[in-house]
Structure formats: structure tokens, C-alpha cells
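To find a chain, count down the sequence lines: A is the first, B the second, and so on, and within it residues start at 1.
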Amino acid sequence: MKRRWIWAIVCSLMTTYCMSQKVENAANFGIIGDGATLNTEKIQRAIDRLSRQGGGRLLFPPGIYLTGSIVMKDGVELHLERGATLLGSDNPYHYFKLEQKETALRNDNSQLALLLADHAKQIALTGEGTVDGNGRALALHIDSLHHTGERTDPHYNYKRMRPNETMRPKLFYFTSCSRIEVKGLTLMNSAAWGLSFDRCTHLTLEGVRVVNRAYWNNDGIDLTDCKQVKVSRCDIDSADDGICLKSYHADSCNDSITISDCTICSSASGIKFGTASQGGFKHIDIRRIRVRDTFRSAVAIESVDGGVIEDIHVSDIIATRTGNALFIRLGHRSGERPGSIRRVRISRLWCEVPFDRPDINSDMRGPEVNFFHNPFPSSITGIPGAAVEDVCLEDIEIVCPGRSSKGMAYIPLSRLHQVPEQEKEYPEYTMFGELPSWGFYVRHVRGLQLKRVRLFTREEEFRPAIVLDDAHDVTLENVESNFQEPWIVRHEE
Amino acid sequence: MKHFILLFFCLHCVFAAGNHLQDWNVTEHNIVGDGQTLNTVPLQSLINRVSAKGGGRLIFPIGNYLCGSLQLKSGIELYLEEGAVLLGSTNPYHYANEKGKLEEAFLVASEATGIRITGAGTVDGQGLGLALTIDSLHHTGEWIDSTYNYRRMRPGNRPKLCCFTHCNDVRFEGVTFRNSAGWGLSFHESSHISIHNVTVSNRAYWNNDGIDLTDCSDVHIWECDVDAADDGICLKSENKHADNRNISINDCTVISSASAIKFGTSSWGNFRDVTISRIQVKDTFRSAIAIESVDGGNIENIQIFDIFATNTGNALFIRLGHRNGDKAGSVKNVTVKNLWCEVPFGRPDIAYDLRGPEVNYFHNPFPCVISGIPEAMIQEVLLEDIEVVFPGRASKGMAYIPISRLQAVPEKTDEYPEFTMFGELPSWGFYTRHVEGLQMKNIRLILKEDDHRPSLVFDNVKQASVRSVRFYPIKPTKDQIVMKESDVCIE
């Protein structure tokens, strides 16, 4: 018995020793960093061998390593030294997807990626190097091959003139993996989502820079039904959502996620829960986030597919030049019945909303709405029969642009019912069309505390600061505005 | 000879008398300029009386004269002294005719001769208040507008500021016109119109055009200042048996959240012999000059010169389409000479209260566009001494029409014409398609930032010549010009 114990300890020490010590240089596998040689097979062979040998580190010295899709395996760490770039091929034929055992209800996002993993344990990507997806050239090739008829996309988007995102590879697509570490790297230029984790556990993203502005649906980081996740000190600049929590699996959810000390610039929303929201989001803690030049919301929390959103803490958010401070939405786009949003606490949020578009200086910019409107307020809305519950906002300061004009758009306070419910619509802070207030629009909410909330408007506003419609158990404490009375309008059926 | 002189003298007296018919001070006829008393009835009866006597000048001293809709009659001159404001009521019932329908405008005239509106005063339609009341009455169900626009949430029937139909010999001089609930100054099938030194400030509500000429002839508009939420000065044709003819517009400044000078969109009849010169355009959302025939009308002999446009969305848009009518019309013999335009990257009208509508697709900055349709080419266009500054910054990510897929630009034969109508375009300077006889001389196209597209695309352009066309920063000409099924002589 004793001997067995010692044997076990020795074994485990051995594994740890091997894991930390086994280092292979990419060059030893004939991997060439000249930016022209396609290394897909050689990199894959190196990963497979390391994994078979119990894991280890594959080290890339400075150089540009051209590759197609590669699959991460148990125990393998890719380490990119400063000056080393893993460069995605721009040839669509160099990418593939892994056969998945179980698929999501909604298969609207790509399963193609430059780096793939399925049911892998203990995988890592580290170093000061770069992973560059070459996404624009790749996407334009996919587009061209569709138009020449060589590789037709059955879901081609003719309105937007672009291949459907399922045709375009992500940068990472890791599914059902555990113990993942991504540290220090610069990750850029995907043809679709950037870092996509699906049903992964014990995931750590630390000190990573994501620059994903090459093409459409360029999210920064997507966490789909993940548990025990820590994202810290990351810097994200993305053409679509910055850090996005999604739930594609009704029997699963995102749980125990901490996102802290990040900076985000996005042509969509900074931090978002949704749009896919089947299972839900629980115990999410978001702290110390700086958002800048962001086209939509600094923080968007959406349940529209029946998912449960519970115990969400958001604190210390500073958002400059951002289209909307806060958007909380319980809708009913799909699912048998609406989900729920309860126990959401937002504290210490500062946001400045400009009059013009915040992302005017970006190469890829968010889409305009095709109706006339005045600047939008933050909004917290449920739907009839499904209220958002127990929301607490404290120490909030929002600077709005003002300049509303009754000529551009006008919902008089006598016609609050004219704001459409849009129960089944895609959630977005612009979804209701013109809104009757400039600071907060609140509808179908039970249990709302506003404490130390300061609302400023830079220029004239004819609308009230806050409209509360079908809002119950509302506590207002030290709510201030620089605007004349009457500035809070309450309406109850 | 003596007889002749005598006769001449007599005639002169008659004319002089015509010009100086009796003056009527309105305040002596129960008309009150306190801004509150509704003067519609006494003012209308005074107009009727004076017109019946052969005409005369109604003098409005300083004050605010609140009124509903008025019918102007032959021989009437409204003389608004400085500080006198003819103020439109915000109550829609004050615009109702006997049938209970809204009148066409605040100031209406039909089949009249010799109407004048002069002086240094103002006609103010209070259009925002009026439009919002019409909107409210619709929503309360009290006065339903059958043309209500539920997409844009606004009523369709709203009074214009002035609407003159079948009038002859009209003169507007010196007056400021502002805040209509719809179009500003609108003339239909009228002739001998002179508009001089008039300010039109029409930014109260939607469809706030500045000046609209619909099937008019012998019109002179000069030294006017137009600031409009919709088109600035707009020539239209709603009658295929009528013409816009012999029109001259010069020395005006125009700001618009649509196009500054526009021919169309209604283009059933013809537009001939129109000269537009010395126009300053600024902060204009769409085109400095837009010339559109889409309803079967013929546009012919158009001279445009000395146009200076700053912060304007598009320099030039010429379009022959086929939206209505048995067959397509024509656009023929158009000269644009000495045009300078600067196109910004962002929206030109961001600083204004009412702004033009965004398109809901992704695109890069648009070039100038001259485009016919496969079955009807635009003919004989001369562009000379033109300089346009473009913003550049095109991104293949935002939108991309490769040169190998020029056919991907849709024809949109029966669509509403606008320089944005085709979606993304494959060039940054000029996009020309289905044109016969195009001459480009001494053209300078300047890019502020990089653009991956070529400067000029010619697609089915015949008998064209390009002489002394330069691109800045200097680019090799051959990379900058792309031709498809075209015959273009490049010097």
C-alpha cells in the first residue's frame, strides 16, 4: 500500500516535470518561419507527438509561420517568442472543422478556425508573439470563390454582399476543453469571431491583446456556456462585440466568470451577454473595464432565448465616446417561454455618449439604423408578463449629448404606449425606435434601485431624463440631473 | 411724332399706375399684429376687395400677423415692412377648406396674375408646431390622415408655405420665408416668375424643400439664400405634357440636408434651357448638383457653371432611369463647367437640427455618378474645369466591388434615383455607365487619404474623351482608369 502511494507521487511528479520541462523547438520539426512555406502538417505532427509523449511546449522562435487549421491536443503549449507570428493562410481550402458529437440548437456561427480543439485538456498558448488570422484576405477569397461559382456559399448574404459567417474561419475555436491558458500573446485579424470557447472549463485569459478588425462578425472574445473562467488584463479592439458571453445550449450556462482590468474598443458592444441566450449566465463578475470609441453599449445584458441571467455584478466601468451606457433586455425571441433577469448590480459606472458616431475613425464601422431618432437613453426593459427583477444601479454618472429635436422624432409623454414592445426582435438599444427620455427608459421592471445616479445632458433636451413605465418597487436615492423639472415621468397601467 | 410721344406718355402713366396702385395699411382694416389675434377673415376679405378693384399693395407694418391659409388674388402685393411677420397658425383647422380638407399651403394662389410679396419682413409658417398638431390629431383619432406614414411616424398631408398654381407674372423680393410644415415656395405650371434677394430658411419639418418649380417657364431666381432640410432649389415635372423651360438660377447660396440643386425626382415632362451659375453650396447631405430623369421626361440643354461646394456629400449625380412612363426619357446636352467640391468623410449636416437619412448598408465614400440604363444612354455631357476633393479611406472590409465584377453594380432601372442608389461603387472619383458622348476636360481629382479603388470607371461609355485629367496625390493614370465595353480616348 505504502509503495503504491510513493509510486503515485513519483508518477505525478514525473508528469509535472515532463510537462514543464519538455520543450521542443519548432525548427526541429522542419517548421519554417519564412512567411511563405505552408507549415500546417508539420505543426500538427509536432503537436500530436508532444501530446503523445505526455505534453510539452512547442516553441516558435522569431519568424512568420504560415499555416492552415491546426488542432490543439492534450498537454500541449504553443509558445510564440517575441517576433514569432503564426500567420493564417489566406487560402480557404487550408481550413477545416472538427466533427462535433453534440451540436447547438442554433448553428449560426462558424466551426472553422485557425486553432481548433475538442475535448482537450491542459492546453496553453503563451509568449509575446502573435497569431494573425489574415482574415481580410481570407474572407475576400471566400467571397471571390463564391462569386466565381467554385465554392458556393448556400447562405451567402446578398444584402450585405458577404459570405455567411459559417464559411469564415475564427481565430480560435475550442470546444469542451478544460484547463486552458492563453497568456501574453497578440491575437489578430480573424475572418469571423476571434477567440471562441464553447463549453470549456477552467479557462484563463491573461494579458492578451486582441485586435480583431479585419472583417465582419469580428468579436474579440466569445465565451459560450463556459465555467470557471478568468479574463484579466486583456486589451481588446474589435469590429464586433468586445467580450461576449453567449449561451447556445439550453441545458448548460455560463457560470462563475470573472472579467477584470480590461480595455475594450468595439464597433458593437463593449461587454455583452447574448444575443444567443438559451441556457443562461450566472455568477458573473465584471470589474475595472475601460471602454472607448464603442459604437453600441458599454454593457449589454440580454436574455431573449429563454436563458436565466442571475447574480451579475458589474463595477468600475469607465466608458468614453460610447454610443450607449447600459442596455438590459429580457425579451422572447425563441424558447417556449421567456427567461429571466434578476439580481443585477451595476456600481460605479461612468459613461460619456457623443452626438456623432463613436467609431468614425475605425476602418470597420457599425451599421446605421434606417430610421430617424434622437440620441438614445440607457434602457432596462422586460416584456409584458416577464419583468426584469432586482436591478440595482449605484454611483452611476452618464453624460448625454442632448440636441434632441421634435422634428427628427417625437414620442409625446401622452403616447408612451407607442413605444413598441418588440418582444421577438433582435435586442439592441436602438430596437424600440425613438424613445421618450434621454437618460433612462425603464419598462416592465420589478425591483429597481437607483442610488447616487447623476445624469447630465450637454445640450438642450425636450424629453424628460427618466421614464418609468410599468416599473414597480422602485427606489430613487440621490438621483440628480442638470435638467429642469419635470424630469422623471412615471406611468403605470 | 407728337402724337406718338403723347401716346407713350399716356401708356407710361397707365403702367406707373399699375405699379403704384393704391396702398392699403392692413392695420386700418381690423388686422392686428399682436401675434395672437387670428386675422384670416379680415385679411382675406381685404385681399378680395383690393383684387376686385384691380389690385393694390397691402402694407404690413412691424408686428406679428397670425393667420390661417390665405388665397392670394390677381394684382395683390403683400408688402412686409422690416419686423413685420406674417405668421402661420399652428392650428390645422385654420387651414381647412369648405370640404374639410387641408389647403395646399399657407399662401395659396391659383390662376392669378401679378402677385407680389415684397419688403424686408418675414413669412413664417410655424411648421413644426403645425405638423406636430396634425400628427397629434391623427393619433387621437380626431382628424385621420389617410396618407399617414407609419414607418417614419409622420403625417403625409401638411401645408406648404406658398403654393402658386397656373399663375403668371409673380415676383418675390427681399422677404424671408421660413418654417414650413412641408415644401417652402412651390410653383406649378406658372410662368414669368422672378425671385430676387429672398431668404428661404426651411428647416422645421420633413420634406422642407426650399424652392420648387414644377413645370414652370421663364423663371429667374437670383441672389437668394436657401437653407432647407430637404432639397434646396428643385425643378420637378408632374405633367408629361408640360415643361420646365427657360429657367435661370444664379448667385445663390444653398444649404440642404438633401441636394442643393436638383432636377427631379418627379420628371414626367421636360426640362429645357436651364442655366445654373454662381452657386455656393455648403453643409449639404447629398449632391451639390443632381440631374435626374426617371419618369419619361427629357432633360436637354442644361448649362451649369461656377459651382463652389464645401462640405457636401456628393459633387455631381446625373441619372437617366425608367421608374414611370411608357418609355425612358432622355438626358442630353448637359454642360458642367467650373465646379469645385469638397466631400467630407462623415455626414456634412451633423450640426443641423434635421438631418438626412442614413443608408442601411455598408459602403465606402461615393464617387460622382453619371449613369443611364442599358436601353437609354445619357448623351453629350461635357465636364470641364472640375476639381473634387474626396475623403478616401475606402476599406475592402466595409464593402468591395472588385474590378473583375463590375457587373455586380446593379442597374436599378426603376429605383428612386440617388447617388447612393447602387450601393458600393468600384471607383472613388467618377463612376460612369451607359453614356454616349462624354467629354472630360481639365479635371483634378484629389484624395485626402488612401483609397484602394481606381479613380474612374467607364462601363459602356461610348465616344468619350478624357483630356488633362489628373489625380492627386499623383497616381499613374493607367491604373486609375478602368474601362469595360467602352470607347474612351485618353489624352
Side-chain angles (χ1 to χ4, degrees), chain A residues 135-137 139-141 143-144 146-148 157-162 189 191 212-218 239 267 354-357 359-374 401 403-412 414-415 417-420 433-434 459-460 462, chain B residues 127-129 131-133 135-136 138-140 149-154 179 181 202-208 229 257 344-347 349-364 391 393-402 404-405 407-410 423-424 449-450 452:
Chain A
R136 180 163 300 172
L140 292 175
H141 282 162
D143 188 59
S144 265
H146 171 79
H147 287 287
T148 61
N157 183 343
Y158 280 99
K159 178 170 173 244
R160 300 294 198 195
M161 286 308 280
R162 67 174 89 129
N189 296 340
N212 206 18
R213 289 209 155 266
Y215 207 69
W216 300 99
N217 313 99
N218 268 209
S267 287
F355 187 79
D356 58 340
R357 34 182 323 140
D359 63 343
I360 185 85
N361 291 320
S362 298
D363 185 55
M364 301 287 283
R365 297 173 296 281
E368 294 284 355
V369 293
N370 65 346
F371 57 86
F372 295 99
H373 60 86
N374 291 304
R403 275 189 68 189
S404 63
S405 150
K406 286 185 184 173
M408 280 304 275
Y410 182 35
I411 304 277
S414 58
R415 300 211 302 262
H417 59 271
Q418 234 173 38
V419 179
E434 174 67 3
E459 291 185 48
E460 276 288 298
F462 70 84
Chain B
L128 182 58
L132 292 177
T133 313
D135 188 61
S136 267
H138 173 77
H139 286 286
T140 60
N149 181 344
Y150 278 98
R151 179 166 169 258
R152 299 291 197 197
M153 289 306 284
R154 66 175 86 130
N179 297 342
N202 205 18
R203 290 208 152 265
Y205 206 69
W206 300 98
N207 312 98
N208 269 205
S257 284
F345 186 79
R347 31 182 329 140
D349 62 345
I350 185 86
Y352 293 83
D353 189 49
L354 287 192
R355 298 172 297 280
E358 293 285 352
V359 294
N360 67 344
Y361 59 85
F362 297 99
H363 60 87
N364 292 303
R393 279 188 63 191
S395 154
K396 286 184 185 173
M398 282 302 277
Y400 183 37
I401 304 277
S404 59
R405 296 212 306 265
Q407 78 283 359
V409 180
E424 174 68 2
E449 289 185 54
D450 227 9
H452 65 82

Discussion item. Looking at A/K406 and B/D135, is any side-chain nitrogen of the basic one under 4.0 Å from a carboxylate oxygen of the acidic one?
Written reply: no
For [X], is it the side chain, the backbone, both, or neither that has a heavy atom closer than 4.5 Å to a heavy atom of chain A?
X      : value
B/R203 : neither
B/R347 : neither
B/L132 : side chain
B/M398 : both
B/S404 : neither

With chain B, which of [options] has the greatest number of heavy-atom pairs at distances under 4.5 Å?
options                        : result
A/K159, A/R160, A/M161         : A/R160
A/N374, A/L140, A/N218         : A/L140
A/G135, A/S414, A/S405, A/P412 : A/S405

Fill in: Audit row: A/D143, B/K396, salt bridge (Lys or Arg N to Asp or Glu O under 4.0 Å) steps and yes/no
CA-CA 12 Å; A/D143 188 59; B/K396 286 184 185 173; over 6 Å; no
Worksheet item: Is there side-chain contact between B/S395 and A/R365, with heavy atoms separated by less than 4.5 Å?
Response: no
Worksheet item: Mind checking whether B/R393 and A/N361 have side chains closer than 4.5 Å, heavy atoms only?
Response: yes
Value rounded to 0.5 Å, distance of [atom1] in [X] from [atom2] in [Y]:
X      : Y      : atom1 : atom2 : value
A/R403 : B/I350 : CZ    : CD1   : 6.0 Å
B/Q407 : A/H147 : CD    : NE2   : 9.5 Å
B/Y400 : A/S144 : OH    : OG    : 7.0 Å

Which atoms form the tightest heavy-atom contact between [X] and [Y], and what is the distance?
X      : Y      : value
A/G407 : B/L354 : C-CD2, 3.4 Å
A/P367 : B/F362 : CB-CZ, 3.3 Å
A/F372 : B/P357 : CZ-CB, 3.3 Å
B/G346 : A/I360 : CA-CD1, 4.1 Å

Worksheet item: Which atoms of A/T148 come close to chain B, meaning under 4.5 Å heavy atom to heavy atom: side chain ones, backbone ones, both, or neither?
Response: neither
Discussion item. Which atoms of A/R162 are under 4.5 Å from chain B, going by heavy atoms: the side chain, the backbone, both sets, or neither?
Written reply: side chain
Discussion item. So which residue, B/M153, B/E424, B/R405, ends up with the most heavy-atom pairs under 4.5 Å with chain A?
Written reply: B/R405
Discussion item. If the condition is side-chain hydrogen bond (donor to acceptor under 3.5 Å, both in side chains), which residues does A/E459 pass it with, not counting sequence neighbours?
Written reply: none
